[in-house]
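Here is the structure we will look at.
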Protein chains: 2
Amino acid sequence: MVKSDDFDVRQFLPYLLNQAAEASSLEFQKVYKDKYGMLRNEWRVLFHLGIYGQMTASDIGARSQMHKTKISRAVQRLAERRYLTRTRAEADRRVEYLTLTSAGQRVYQDLKATAAEYDAALTDGMSRQEAALLRTMLERLAARP
Amino acid sequence: MVKSDDFDVRQFLPYLLNQAAEASSLEFQKVYKDKYGMLRNEWRVLFHLGIYGQMTASDIGARSQMHKTKISRAVQRLAERRYLTRTRAEADRRVEYLTLTSAGQRVYQDLKATAAEYDAALTDGMSRQEAALLRTMLERLAARP
DNA sequence: GCTTGTTAGTTACAATTCCAACTATTACAT
DNA sequence: ATGTAATAGTTGGAATTGTAACTAACAAGC
């Protein structure tokens, strides 16, 4: 049983997380949006493919927690821009393998470099331990069912 | 200059923040959504009024970083449900003072109690220092311009 | 008084997202 | 083999959000 009288909702973790997430996303969004006309879901799909190489849409879903309709639409737009190619699996023709084109690879590398810089700026005031602890806690929070 | 070769985008702070924020929001959303048919922006407006008492829409905007159209629409819906009342300011008739009705107060108290419990569950694995540090870092990240 | 500029809040329309239903294909059990 | 269920991914329409333009009221300078 928790007393709510002395609980300050301003300290509510989901609220703080959303504020921090929105603030930091908005700034980085400028990069992939203004430079490449991409949406957040497209950037996410792109970077999953950049990290893991060839994947199916459901692989991405499993890794990213993104809903399959978001993935489907992001993949469509990335395919239109020729950042990735889709290949039907011979063994199971429901499945499509997604692979970055070399143009897609280049965009990924560029965005990754910018992300690295921006991440460094975000963790600027923190000690190395603090930054590491923050990431660990965020991962734990994201993973909880 | 940051080397991006050894930067793992999976550790990218905006990404982790979004994952954690989405995961934790989704669970709490069930409460205000299923129980009171509210959207996230409405819950946010409600809890600002719960904390600070009477406020104007722009007060809420300044505190919450929410865009004014979000606030405007959230206020409309909360007013329809009779969770708040709007009063024109005599001195400056552009301004409206927003105040929770007693029904709104009750909803706020209930949601606040649930939030307290949920927050306790989220910080369950953490030490008191870790939780405090996390909140501080999130506040800093949210506040950066 | 009359411009010109600013601020509070709303509205319109386009872009996104959500949700549920859908197609196509495979798996599995009888 | 045949009916039933499960899975991969797509699509349509409703709900929500974003963006920019808008109204109304105030403020300041002339």
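Each chain gets a letter, A, B and so on, in the order its sequence line appears, and its residues count up from 1. These numbers come from the heavy atoms of this one structure, side chains and all, not from hydrogens, waters or symmetry mates. As the structure is a prediction and not an experimental result, all values here were calculated from the model.
Counting only N and O atoms by type, the side chains of B/R40 and A/Y15 include no donor and acceptor under 3.5 Å apart. Checked by atom type, the side-chain pair A/Q19/B/E139 shows no donor-acceptor distance below 3.5 Å.
Nearest nucleotide to the B/H67 side chain, out of C/dT10, D/dT10, D/dT19: D/dT19. Nearest to the side-chain atoms of B/L39 among the listed nucleotides C/dG9, D/dT11, D/dT16 stands D/dT16. Residue B/R94 has its side chain nearest to C/dA8 when only C/dA8, D/dT11, D/dG9 are considered. Comparing C/dA8, C/dC19, D/dT11 by their nearest atom to the side chain of B/K33 picks out C/dC19.
Separating the CG atom of A/L78 from the P atom of D/dT10 is a distance of 12 Å, rounded to the nearest angstrom. C/dC19 atom C1' lies 13 Å from atom CD of B/Q29, rounded to whole Å. Between the CD1 atom of B/I71 and the P atom of C/dT11 there is a distance of 15 Å, rounded to whole Å. Summarising the geometry, the separation between CZ on B/R88 and C1' on C/dA8 is reported as 8 Å, rounded to the nearest angstrom. Atom CD1 in A/I60 sits about 9 Å away from atom P in D/dG9, given to the nearest Å. B/K68 has its NZ atom 10 Å from the C1' atom of D/dA20, to the nearest Å. Whole-Å rounding puts the B/N18 CG to C/dT17 P distance at 12 Å. The nearest whole Å value for the distance from the CD atom in A/E80 to the P atom in D/dT10 is 12 Å.
For the pair A/T69 and B/E96, nearest-nucleotide mapping onto DNA chain C gives the more 5' position to B/E96. Annotation: of the two residues near DNA chain D, A/A57 and B/R40, the 5′-most nearest-nucleotide partner is A/A57. Between B/D92 and A/K70, the residue whose closest nucleotide on DNA chain C is further toward the 5' end is B/D92.
Residue side chain A/R73 reaches the base of D/dG12 through a donor-acceptor N/O pair under 3.5 Å, judged by distance alone.
Proximity of B/S72 to the phosphate of C/dG9: no side-chain N or O atom is located under 4.0 Å from OP1 or OP2. Taking 4.0 angstrom as the limit, B/N41 places none of its side-chain polar atoms (N or O) nearer than this to OP1 or OP2 of D/dT16. Phosphate contact (OP1/OP2 of D/dT11, side-chain N/O of A/Q76, threshold under 4.0 Å): present.
Ion pairing between A/D124 and B/R140 fails under the 4.0 Å rule for side-chain N and carboxylate O.
Among the heavy atoms of the strands lying under 4.0 Å from B/R86 are primed sugar atoms or P, OP1, OP2 only; no base atom is included. Nucleic acid contact class of B/A89 (heavy atoms, under 4.0 Å, all strands): none. Nucleic acid contact for A/T56: sugar-phosphate only, since backbone atoms but no base atoms lie under 4.0 Å from a heavy atom of the residue.
Closest non-hydrogen pair, A/R88 versus A/R94, comes out as NH1-O, 3.0 Å.
The distance between the ring centers of A/W43 and A/F28 falls below 6.0 angstrom. Taking the six-membered ring where the residue is Trp, the centroids of A/F47 and B/F12 are separated by 6.0 Å or more.
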